[in-house]
Amino acid sequence: MSCLKLGDELQRLREVKKMSREELAQLMNVSRQAVYKWENNKGYPDIQNLLKLSEIYETTIDNLIKSDSTLQGNININEDKKKDEDEILHPGFYIGIGIVFLGIFLGLILGNLIISTALNIVGTLIICFYKDILKLFRDIKKDFNEQ
């Protein structure tokens, strides 16, 4: 079972239960095409559907996932992304704080409220939306390179 893909294992388990794709789709409350995609390794069921499948096939999610090393790799990547998203002190935090302090400093030294306010707003936006800004720039760069 260790070299099988999740889809192969799902198809095998369905056949052991002597169920058609249509019957499984009805039990799962999904389309027959969804079951077809899962069994042909063209997509993965979400976690709720994995739970339902494990109940129907009387196995554990762990056993289903262990059959597909590609799926395991995707899970690890998603866990790494989750850790990155949870990190509060990302580089944008430090850049934003620096810009806010620069705005306060220039406001005190120059007495210019407009520059101080503008820098404080920019710094705050960078703190809050650093990852979104990076994603935007990556998408723009990708679009630019494709042309």
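Atom set for the values below is all heavy atoms of this structure, side chains included, hydrogens, waters and symmetry mates excluded. Remember, it's a predicted structure, so these values are computed and weren't measured experimentally.
L106 CG to I114 CD1: the interatomic distance, rounded to the nearest 0.5 Å, is 13.5 Å. Atom CG of residue L24 and atom CD of residue E22 lie 10.0 Å apart, to the nearest 0.5 angstrom. From I65, atom CD1 reaches atom CG of L50 across 5.5 Å, with rounding to the nearest 0.5 Å. The distance from the CG atom of D143 to the NZ atom of K141 is 12.5 Å, given to the nearest 0.5 Å. For the atom pair N41 CG and D8 CG, the distance stands at 5.0 Å (nearest 0.5 Å). Taken from CG in L125 to CD1 in I133, the straight-line distance is 7.0 Å, to the nearest 0.5 Å.
In this view, I109 and F105 satisfy the side chain to side chain contact (heavy atoms under 4.5 Å, CB included) rule, not counting sequence neighbours. For the side chain to side chain contact (heavy atoms under 4.5 Å, CB included) test, residues two or more places apart in sequence or in another chain that qualify with D139 are K135. Taking Q48 as the reference, nothing meets the side chain to side chain donor-acceptor pair (under 3.5 Å) condition, with sequence neighbours excluded. Taking the side chain to side chain donor-acceptor pair (under 3.5 Å) definition, one finds that K52 meets it with nothing, sequence neighbours left out.
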For L108 and I104, run side chain to side chain contact (heavy atoms under 4.5 Å, CB included): C-alpha distance rounded to whole Å, both residues' side-chain angles, the deciding distance at 0.1 Å, then the answer. CA-CA 6 Å; L108 292 173; I104 293 169; 4.2 Å; yes

Between E9 and R12, does a salt bridge (charged side-chain N to carboxylate O under 4.0 Å, His left out) hold up when you go through it step by step? CA-CA 5 Å; E9 182 65 7; R12 186 189 71 76; 2.8 Å; yes

List the steps and the verdict of side chain to side chain contact (heavy atoms under 4.5 Å, CB included) for Y57 and L10. CA-CA 9 Å; Y57 295 143; L10 292 176; 4.0 Å; yes

For residues 117-124, which side-chain N or O atoms pair as donor and acceptor with protein atoms under 3.5 Å away, sequence neighbours left out?
{"from": "T117", "atom 1": "OG1", "to": "L113", "atom 2": "O", "distance (Å)": "2.7"}
{"from": "N120", "atom 1": "ND2", "to": "S116", "atom 2": "O", "distance (Å)": "2.9"}
{"from": "T124", "atom 1": "OG1", "to": "N120", "atom 2": "O", "distance (Å)": "2.7"}

For residues 25-40, please give each side-chain donor-acceptor pair under 3.5 Å, one per line with the distance, not counting sequence neighbours.
{"from": "S31", "atom 1": "OG", "to": "A34", "atom 2": "N", "distance (Å)": "3.1"}
{"from": "E39", "atom 1": "OE1", "to": "R14", "atom 2": "NE", "distance (Å)": "3.3"}
{"from": "E39", "atom 1": "OE1", "to": "R14", "atom 2": "NH2", "distance (Å)": "2.9"}
{"from": "E39", "atom 1": "OE1", "to": "R21", "atom 2": "NE", "distance (Å)": "2.8"}
{"from": "E39", "atom 1": "OE1", "to": "R21", "atom 2": "NH2", "distance (Å)": "3.2"}
{"from": "E39", "atom 1": "OE2", "to": "R14", "atom 2": "NE", "distance (Å)": "2.6"}
{"from": "N40", "atom 1": "ND2", "to": "Y36", "atom 2": "O", "distance (Å)": "2.8"}

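Comment: E23 does not engage K17 in a salt bridge, judged by the lack of any side-chain N to carboxylate O separation of less than 4.0 angstrom.
Hydrophobic clustering (ILVMFWY, side-chain heavy atoms < 4.5 Å, transitive): I56 and L51 are in one cluster. Y94 and I126 are assigned to two separate hydrophobic clusters, defined by single-linkage of ILVMFWY side chains at heavy-atom distances under 4.5 Å. The cluster map of Ile, Leu, Val, Met, Phe, Trp and Tyr, joined by side-chain heavy atoms under 4.5 Å apart, puts L134 and I95 in the same cluster.
Side-chain contact between I61 and I47: present, with at least one pair of heavy atoms (C-beta onward) separated by less than 4.5 Å.
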